[in-house]
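Quick note on labels: first sequence line is chain A, next is B, and so on, each numbered from 1.
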There are 2 protein chains.
Amino acid sequence: MDAIEILKQLKDKGVRFTPQRQAILEFLLGTESHPTADEIYHHVKAKFPGVSLGTIYNTLNMLKVHGHILELSYGDMSSRFDGNPQNHYHIVCSKCGKVTDFHRPLIDVDQEAEEKSGFSIIGHRLEFYGICPECNGEKRLN
Amino acid sequence: MDAIEILKQLKDKGVRFTPQRQAILEFLLGTESHPTADEIYHHVKAKFPGVSLGTIYNTLNMLKVHGHILELSYGDMSSRFDGNPQNHYHIVCSKCGKVTDFHRPLIDVDQEAEEKSGFSIIGHRLEFYGICPECNGEKRLN
DNA sequence: ATAGTTGCAAAAGGTTTGCTGCCAC
DNA sequence: GTGGCAGCAAACCTTTTGCAACTAT
């Protein structure tokens with residue numbers, strides 16, 4: 001499903017179609033990265049120089065609330081947004097913050113969660129926490 | 001392993017034992033909830049009225065870096081801290097933010113992650129995202 | 001005695017809110 | 001024409017930082 005299609009669907013819920021929203025959603029759907037609001041802002045600004053951060057947050061929140069994107073918070077202050085849930089998992093170093101991809105078959109539990117909870121499940125997130133080899137090798141940890 | 005024991009171990013790494021740290025760590029180990037820094041602050045303040053938020057953050061970060069607690073960020077602005085990893089999973093509503101426990105057998109992948117990545121794994125976190133039944137039933141979603 | 005820690009306050013950074021004008025419908 | 005949205009700026013909240021006094025070692 002592409003950006004235009006999603007935005008058309010949302011019209012039924014009183015959400016308006018604007019070119020800024022189209023640009024934001026297209027960017028999110030077209031990347032495998034999990035950009036921050038600020039990164040999205042700078043990207044959209046290339047096409048719409050007048051766009052403001054408030055619009056970015058407004059749109060991201062609207063898309064999240066309607067279940068089209070995921071807001072993923074890592075320890076590092078700013079949230080990241082994901083337009084393509086279900087790609088891969090992460091391992092995060094509790095010391096240096098480094099994020100490593102962890103490739104393994106996706107865990108098949110979304111349907112179980114949906115049945116047991118009654119939620120409409122959009123996706124899941126699996127994250128491992130630990131200390132990376134480099135940080136483990138260092139002497140002073142403070 | 002209790003708070004005093006953990007803090008004694010950390011002395012080898014140049015970390016000092018202070019009563020504030022003991023109180024913070026004891027609170028985290030003794031609760032199943034995932035308190036925010038501010039909640040910890042208010043709790044510790046009952047015993048140490050002079051304690052400051054800076055000390056809370058300082059201690060939490062130190063404990064995190066040494067792999068004794070987990071910092072879990074949800075969409076809601078402030079981080080939550082967990083002294084007892086590996087208890088259960090969560091389902092988060094993307095609209096209203098409600099967090100529901102999801103009880104199921106723990107997924108046994110920590111060792112696999114440790115072997116494949118070289119990290120010392122402390123624990124993992126599995127979270128489902130969706131729209132809860134109440135929010136799904138409402139008419140206006142904006 | 002030394003170096004890490006506390007408490008305080010200021011600063012920083014991300015996100016939200018209020019408002020006016022504008023634009024999609 | 002109406003109501004939602006854009007843009008802008010101020011406000012807000014969480015977290016970090018700087019520093020002098022203190023204290024565990």
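Residue B/Ser78 places its side chain closer to D/dT15 than to any other of D/dA6, D/dT15, C/dG14.
Between the CD atom in B/Glu5 and the CG atom in B/Leu10 there is a gap of 11.5 Å [rounded to 0.5 Å]. Atom-to-atom distance recorded for A/Arg80:CZ and B/Ser73:OG is 11.5 Å, nearest 0.5 angstrom. Here the straight-line distance linking atom CD of A/Glu127 with atom OH of A/Tyr89 works out to 11.5 Å at 0.5 Å rounding.
B/Ser79 has a side-chain polar atom (N or O) that falls below the 4.0 Å cut-off from OP1 or OP2 of D/dT15. For the pair B/Arg21 and C/dG4, the criterion of a side-chain N or O lying under 4.0 Å from OP1 or OP2 is not met. Contact check, A/Asn58 against C/dT16: no side-chain N or O comes under 4.0 Å of OP1 or OP2.
At a threshold of 4.5 Å between non-hydrogen side-chain atoms, the residues A/Leu29 and A/Ile69 do not count as touching.
Ion pairing between A/Glu134 and A/Lys95 fails under the 4.0 Å rule for side-chain N and carboxylate O.
Contacts between residues 41-53 of chain A and DNA chain D, counted as heavy-atom distances below 4.0 Å, involve A/Gly50, A/Val51, A/Ser52.
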Using distance only, find each side-chain donor-acceptor pair of residues 116-123 of chain B under 3.5 Å and give its atom names and separation, not counting sequence neighbours.
from     : atom 1 : to       : atom 2 : distance (Å)
B/Lys116 : NZ     : B/Glu112 : OE2    : 3.1
B/Ser117 : OG     : B/Ala113 : O      : 2.6
B/Ser117 : OG     : B/Phe119 : N      : 3.1
B/Ser120 : OG     : A/Asn136 : ND2    : 2.4

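Distance, A/Ile56 CD1 to D/dG7 P: 8 Å, rounded to whole Å. Across the protein-nucleic acid pair, B/Ile40 atom CD1 and D/dT14 atom P stand 13 Å apart, rounded to whole Å. One can place CG of B/Asp12 at 19 Å from P of D/dA24, the figure rounded to the nearest angstrom. With rounding to whole Å, B/Asp38 atom CG is found 17 Å from D/dC12 atom P. At whole-Å resolution of the value, CD in A/Glu39 and P in C/dG13 are 16 Å apart. Spacing between atom CE of B/Met62 and atom C1' of D/dT16 amounts to 17 Å, rounded to whole angstrom units. Atom CZ in B/Arg80 sits about 11 Å away from atom P in D/dT14, given to the nearest Å. Across the protein-nucleic acid pair, B/Tyr57 atom OH and D/dG18 atom C1' stand 18 Å apart, rounded to whole Å.
DNA chain D is contacted by both B/Asn61 and A/Thr59; A/Thr59 maps to the nucleotide lying nearer its 5′ end (nearest heavy atom per residue). Nearer the 5' end of DNA chain D, as judged by each residue's closest nucleotide, is the contact made by A/Gln20, out of B/Glu71 and A/Gln20.
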Contact pattern, 5' to 3', of nucleotides 20-25 of chain C - B, S or - by protein heavy atom under 4.0 Å: ---BBS

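A/Ile91 and A/Phe102 get closest at one heavy-atom pair: CG1-CB, 3.8 Å.
A side-chain N or O of B/Gln111 and one of B/Glu115 form a donor-acceptor pair less than 3.5 Å apart.
Looking at A/Thr59, its side chain does come within 3.5 Å of a backbone N or O of A/Thr55 through a donor-acceptor pair.
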